[in-house]
Amino acid sequence: MSAHSLSELQAVNSFAALPDAFYTRLAPQPLNNPRLLHANAEAAALIGLDPAVLDTPEFLRVFSGAEPLPGGDTLAAVYSGHQFGVWAGQLGDGRAHLLGEIQGPAGAWELQLKGAGMTPYSRMGDGRAVLRSSVREYLASEAMHGLGVPTTRALALVASDDPVWRETVETAAIVTRMSPSFVRFGSFEHWSSRRQPDMLKTLADYVIDRYYPECRAASAGEPQDAAAPYIGLLREVTRRTALLMADWQAVGFCHGVMNTDNMSILGLTLDYGPYGFMDGFRLGHVCNHSDSEGRYSWNRQPSVALWNLYRLGGSLHTLVQDVDGLRAVLDEYEGVFTRAFHDRMGAKLGLAAWRPADEPLLDDLLKLMDANQADFTLTWRRLADAVSGRRAPFEDLFIDRPAAAAWLDRLLARHAQDGRPAAEVADAMNRVNPLYVLRNHLAEEAIRAAKSGDASEIDTLMKLLRAPFTAQVGYEKYASLPPDWANGIEVSCSS
Ligand code: AMP
Ligand code: MG
């Protein structure tokens, strides 16, 4: 049954039951003259909130930072991390306030304001988030969910006229994010770097008890070794992170800032900043203008995730003396990632099942796409047309048309080995190759409208991106190649 008001939700905050050193309790600094730009009824349903509540003044007061969540315990959490491969020391929620946690019909969700003012972890920052980056985070998390990629969610987007200084003056906004937990790899690194194994153990036990209780289950009849739950935790985080990387690669998503403080302990996509869904494909595509070395390019994401898992494993070493046991778990990453990547790419190619001999077929397509900067989303989507006999739309995406045509012949020959009817194959491909992704220029148009108070583009994108595999009549421009001006969009760490 849906709750009718926020107070009926009965928030708690289990993170606040951890020792004081894990966070600072503090109130948000509310936005002046806040306006609800958009609220997400689907996310509201996850916490049992009636959609009618989204339009109430109480909802706006809580999610603009003016009032606490009834029953909640507002706090900012501390963590540390490696940024761009370098140890950065203490970071923490510099502009995020955890309001509390709500038990929904299918699990508990933490609610967090992003951009609600300074905290003890703000360092040089102002604690604010600009409207531009808030719209991007709000839309991206829902787009990823629509694609079936594990992610934090977004409940509300609140705008204001409060000025925020970045490269130019912009305005402040607050996104309310939802996640079962916002604990990061960097939350673990925090305590290991400070050589506080007792705190590290407290955190690891909290995460295991709440999110990975199966790690405590001893195998039948055998007493469990004290280190086993922590090795089990690393194994499960490694597995989920490997699957997440396969998902990102398969939809052409670049995170942009894969620092250890942006890596979720639950294997969710976390902290949307200068991310990008690729238009023209480049193996080494770098979406973040601030990443001059290309550390977080598309083709490096899977190996960077493993590097980050090594930092998590290194932290857990403080609890688990068994280095070989930890290393053996990290060694499982490559196999899990590769199997998942091949499964996803095989399905995108319309294969009944991936075979090792299919590797050159996939590699050659990626090389061809890279050489021609073929549009990532449309290349995959139009493969289904080619299977049904309409080859031109696919071939049109390549300057080297004969090479594309020759590659297509190889794919069709491979399909012939499976022997499935073309219509069935095309249907299956259209269920895994999205038509709509949150291209930079689409986000940009929604941001421009939002700046003048018009949330209609946000609303349209939310509807399309929620069902990204289903073609909608009248929305062709959202599934088209980007306009020329899209090349000029630069996204950076400035947010
Ligand atoms: P990011 O890489 O964007 O996830 O942020 C890295 C760190 O900087 C985190 O500790 C953030 O909380 C903090 N941070 C980023 N922007 C701001 C800001 N405007 N004010 C305060 N802290 C910030
Ligand atoms: Mg972050």
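We count residues from 1, following the sequence as given. Counting starts at 1 for both ligands and their atoms, in listed order.
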Checklist entry - Of all residues at least two apart in sequence or in a different chain, which pass the side chain to side chain contact (heavy atoms under 4.5 Å, CB included) check with Arg339? => result Val336

Item to check | Protein heavy-atom partner closest to atom 19 (N) of ligand 1 - residue, atom, separation in Å | outcome: Asp126 OD1, 3.0 Å

Checklist entry - Can you tell me if Arg95 and Ser495 form a side-chain donor-acceptor pair at under 3.5 Å? => result yes

Checklist entry - How far is atom 21 (C) of ligand 1 from its nearest protein heavy atom, and which residue and atom is that? => result Gly94 O, 3.2 Å

Item to check | Distance-only donor-acceptor check, side chains Thr151 and Tyr272, under 3.5 Å | outcome: yes

Next on the checklist: Keeping to distances under 2.8 Å, can you name the protein N/O/S atoms close to the Mg ion (ligand 2)?
Outcome noted: Asn262 OD1, Asp271 OD2

Next on the checklist: So if I count the atoms of ligand 1 from 1 in the order they appear, which ones are less than 4.0 Å from some heavy atom of Asp261?
Outcome noted: 6 (C)

Item to check | Contacting atoms of ligand 1, where contact means under 4.0 angstrom from a heavy atom of Gly125 | outcome: 18 (C), 20 (N), 21 (C)

Next on the checklist: Could you tell me, atom by atom, which parts of ligand 1 come under 4.0 Å of a heavy atom of Gly127?
Outcome noted: 18 (C), 19 (N), 20 (N), 21 (C)

Checklist entry - Numbering the atoms of ligand 1 from 1, which are under 4.0 Å from a heavy atom of Leu91? => result 10 (O)

Checklist entry - Side chain, backbone, both or neither: which part of Tyr79 comes within less than 4.0 Å of ligand 1 when only heavy atoms are counted? => result side chain

Checklist entry - Below 4.0 angstrom, N of the basic side chain to O of the carboxylate: do Arg239 and Glu236 qualify? => result yes

Item to check | Between Glu101 and Ser14: side-chain donor-acceptor atoms closer than 3.5 Å | outcome: yes

Checklist entry - Which ligand 1 atoms does Arg166 reach within 4.0 Å, using its non-hydrogen atoms? => result 19 (N)

Item to check | Pairwise side-chain hydrogen bond (donor to acceptor under 3.5 Å, both in side chains) hits with a residue in residues 273-284, at least two apart | outcome: Asp279-Arg439

Item to check | Pair Asn299, Ser297: side-chain N/O donor-acceptor within cut-off below 3.5 Å | outcome: yes

Item to check | Arg184 versus Asn308, side-chain donor and acceptor atoms under 3.5 Å | outcome: no

Checklist outcome for this item: So side-chain hydrogen bond (donor to acceptor under 3.5 Å, both in side chains) across residues 254-264, not counting sequence neighbours, yields Glu189-Thr260, Asn259-Tyr296

Checklist entry - Are Gln249 and Gln301 linked by a side-chain donor-acceptor pair shorter than 3.5 Å? => result yes

Checklist outcome for this item: If we number the atoms of ligand 1 from 1 as shown, the ones under 4.0 Å from a heavy atom of Asp271 are 4 (O)

Item to check | Gln83 heavy atom under 4.0 Å from ligand 1 | outcome: yes

Checklist entry - Going by atom types alone, do Ser5 and Glu58 pair a side-chain donor with an acceptor below 3.5 Å? => result no

Next on the checklist: The test is salt bridge (charged side-chain N to carboxylate O under 4.0 Å, His left out); show your working for Arg216 and Asp205 and say whether it passes.
Outcome noted: CA-CA 10 Å; Arg216 293 234 187 267; Asp205 287 340; 3.1 Å; yes

Next on the checklist: Test your reading of the structure: does Arg123 have an N or O sitting under 3.5 Å from an N or O of ligand 1?
Outcome noted: yes

Checklist entry - Looking at Trp109, is Arg177 sitting on its ring face, NZ or CZ under 6.0 Å from the six-membered ring centre and within 45 degrees of the normal? => result no

Checklist entry - Would you say Met118 touches ligand 1, if touching means a heavy atom closer than 4.0 Å? => result no

Next on the checklist: Give me the nearest non-hydrogen protein atom to atom 17 (C) of ligand 1 as residue plus atom name, then the distance to 0.1 Å.
Outcome noted: Arg95 NE, 3.5 Å

Checklist entry - Nearest to atom 2 (O) of ligand 1, what protein heavy atom do you find, and at what distance? => result Asn262 ND2, 3.5 Å

Item to check | Closest protein heavy atom (residue, atom, distance) for atom 10 (O) of ligand 1 | outcome: Gly92 O, 2.6 Å

